[in-house]
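Beneath this line is the structure, given in structure tokens, with notes to follow.
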Amino acid sequence: MITTTRRNFLKVSVAIPAVMLIKGCGGSNNSSPNSSSVSLSDVSALPTSTDTVLPIPHEINPSLVAGKKVFNLNIQTGVHQFFKDTNTSTYCVNEANSSALTYLAPTLRIKNGEQVEINFSNNLTESTTMHGHGMHVPAIMDGGVHQEIMPGQTWSAQYTVKQKACTNWYHPHFMGNTAQQTYKGLAGLIIIDDNESEALDLPKTYGVDDIPLIVQDRVFDASGALDYSPSRMEIRHGYMGDTFLVNGKISPILTVEAKQIRFRILNGSNARIYNFSFGAKNFTQIATDNAFLANGVRLSSLKLSPAERAEIVLDLTAETGNTFTLTNGSTTLMTIKVTALTKAITTMPAVLTTTLTKFNNPTNTRTFTLGRSAGMNGKFTINGVSMDKNTTNERVKKGVVEVWEVVNPMNMAHNFHIHATHFWIIERNGSTSSVPANEQGYKDTVLLEAGSRVKFVVKMTDYTNSKIPYMYHCHILEHEDDGMMGQFTVVD
Ligand code: C2O
Ligand code: CU
Ligand code: CU
């Protein structure tokens with residue numbers, strides 16, 4: 001049952017009992033990133049790629065039609081080489097008549113106030129949807145479970161950008177099938193700019209000193225195929241792999257000049273919680289999911305659960321000739337090589353944004369308790385019920401400041417994401433002082449460790465529609481597909 005590859009030999013040697021490594025018999029909960037419920041790739045026979053340069057998903061040049069930025073995108077199958085001379089079937093997104101990407105999706109860049117139209121054509125043989133995670137858009141433009149794109153169809157998301165500069169992303173959201181489609185490669189960034197972000201003296205040359213990092217863990221079989229085959233137990237614990245990808249590349253190398261380097265990190269994994277660090281080198285977090293922080297927060301490590309984003313700045317100014325690694329615990333995800341500076345440098349601005357709004361005086365409270373119904377095959381639930389496409393679980397009044405409390409009584413970690421807008425975390429485990437500085441900003445996804453609770457304030461500012469709901473859910477995609485999701489409408 002276990003073939004000992006170089007990779008899992010290393011794992012065995014860190015003293016996890018071999019019996020725990022049998023696929024499908026995962027042990028503890030997923031709050032420990034290197035828990036034993038990790039599925040193992042069997043890729044010992046596959047040659048590693050000789051091209052080790054970190055790929056950067058390119059930014060699309062949209063066409064301008066009547067003042068609108070128009071993106072025409074194909075959702076399609078691809079063939080990608082994760083291993084040398086080994087073709088792996090994937091899903092990917094490309095512009096019409098392009099096959100530039102064979103895994104993941106290109107970066108969409110839009111600005112607050114702009115009108116955009118994103119046309120997604122489904123060239124797969126299965127239905128999908130395409131959700132703008134973190135986007136503040138009308139429910140019908142959200143790309144959630146109700147905006148199905150059948151094979152051969154095109155779905156058009158059209159809206160005016162109405163939010164602050166941030167790093168969002170897009171991914172499928174088809175009821176019960178989000179995990180598998182995302183796993184195969186359907187994920188891309190949406191970068192939003194605004195006047196504030198453009199004026200700040202921050203690194204902002206995309207792919208040069210402003211680097212997107214989509215971090216994922218995967219399982220590959222002996223032929224190099226992506227192996228998405230969670231057992232019932234792995235659905236429970238979340239499907240975690242032992243092969244790590246950054247922008248679709250295993251162990252890539254990034255070469256940058258000796259200056260401040262900004263990273264836009266997306267935890268693009270289905271289930272894994274990362275604790276990122278650069279060894280002993282500290283860094284500054286400048287943005288949460290949906291906006292800049294008011295001021296940078298110095299960190300030695302950064303925890304991100306699935307779908308959370310963070311923008312950080314790593315100061316490599318005096319580091320010519322040095323090498324750093326981006327790690328998750330003892331795992332190296334990426335190597336960074338620093339070369340001499342050729343151009344002017346940026347300095348870290350003391351103030352990043354002056355326009356964050358923390359809503360006060362809430363007048364309504366809702367509670368969301370995460371759970372699972374009884375029995376071996378019990379489904380995941382929120383407030384005792386599993387997701388039903390035809391049920392609106394909550395009706396939220398426009399303009400009312402609310403407190404939402406999310407309770408995780410389980411002995412495993414989850415997270416909680418809402419569509420429609422961002423929120424502001426005000427309490428962790430009953431205490432206002434246990435909200436860390438780097439979570440005091442606009443968030444749309446929050447980690448809930450085993451046995452923990454979180455309170456946040458939220459306000460639906462616009463886009464009422466009594467019929468079409470938004471979703472809230474755990475973003476461990478196996479849990480979401482298994483029912484840990486609900487729906488809310490925004491009403492007058
Ligand atoms: Cu990232 Cu409901 O999604
Ligand atoms: Cu979302
Ligand atoms: Cu969960």
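Counting convention: from 1, in listed order, for ligands and their atoms alike. Atom set for the values below is all heavy atoms of this structure, side chains included, hydrogens, waters and symmetry mates excluded.
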Q) Out of the N/O/S atoms in His414, what is the name of the one closest to the Cu ion (ligand 3)? A) ND1

Q) Is it the case that more than 12 heavy atoms not belonging to Leu200 sit under 6.0 Å from its CG atom? A) yes

(Q) Among the N/O/S atoms of His131, which is closest to the Cu ion (ligand 2)? Give the atom name. (A) NE2

Q | Short N/O/S contact of His475 with the Cu ion (ligand 3) (below 2.8 Å) | A | no

Q) If you measure from the Lys or Arg side-chain nitrogens to the Asp or Glu carboxylate oxygens, is any gap between Arg366 and Glu405 under 4.0 Å? A) no

Q.
In terms of relative ring orientation, are His419 and His173 parallel, tilted or perpendicular, with 30° and 60° separating the classes?
A. perpendicular

Q) Under 4.0 Å between a Lys/Arg side-chain N and an Asp/Glu carboxylate O for Asp210 and Lys204? A) no

**Q.** Metal proximity, His173 vs the Cu ion (ligand 2), N/O/S cut-off 2.8 Å
**A.** no

Q: Just give me the atom name: the N, O or S atom of His479 closest to the Cu ion (ligand 3).
A: ND1

Q | Passing candidate, side-chain hydrogen bond (donor to acceptor under 3.5 Å, both in side chains) with His475, options His414, His417, Glu480, His133 | A | His133

Q: Scan Thr182, Asn415, Asn270 and name whichever one has a side chain to side chain contact (heavy atoms under 4.5 Å, CB included) with Pro306.
A: Asn415

Q: Look at the N, O or S atoms of His417, main chain and side chain alike, and state whether any lies under 2.8 Å from atom 1 (Cu) of ligand 1.
A: no

Q: Would you give the angle at atom 1 (Cu) of ligand 1 between His133 atom ND1 and His171 atom NE2, to the nearest 10°?
A: 130°

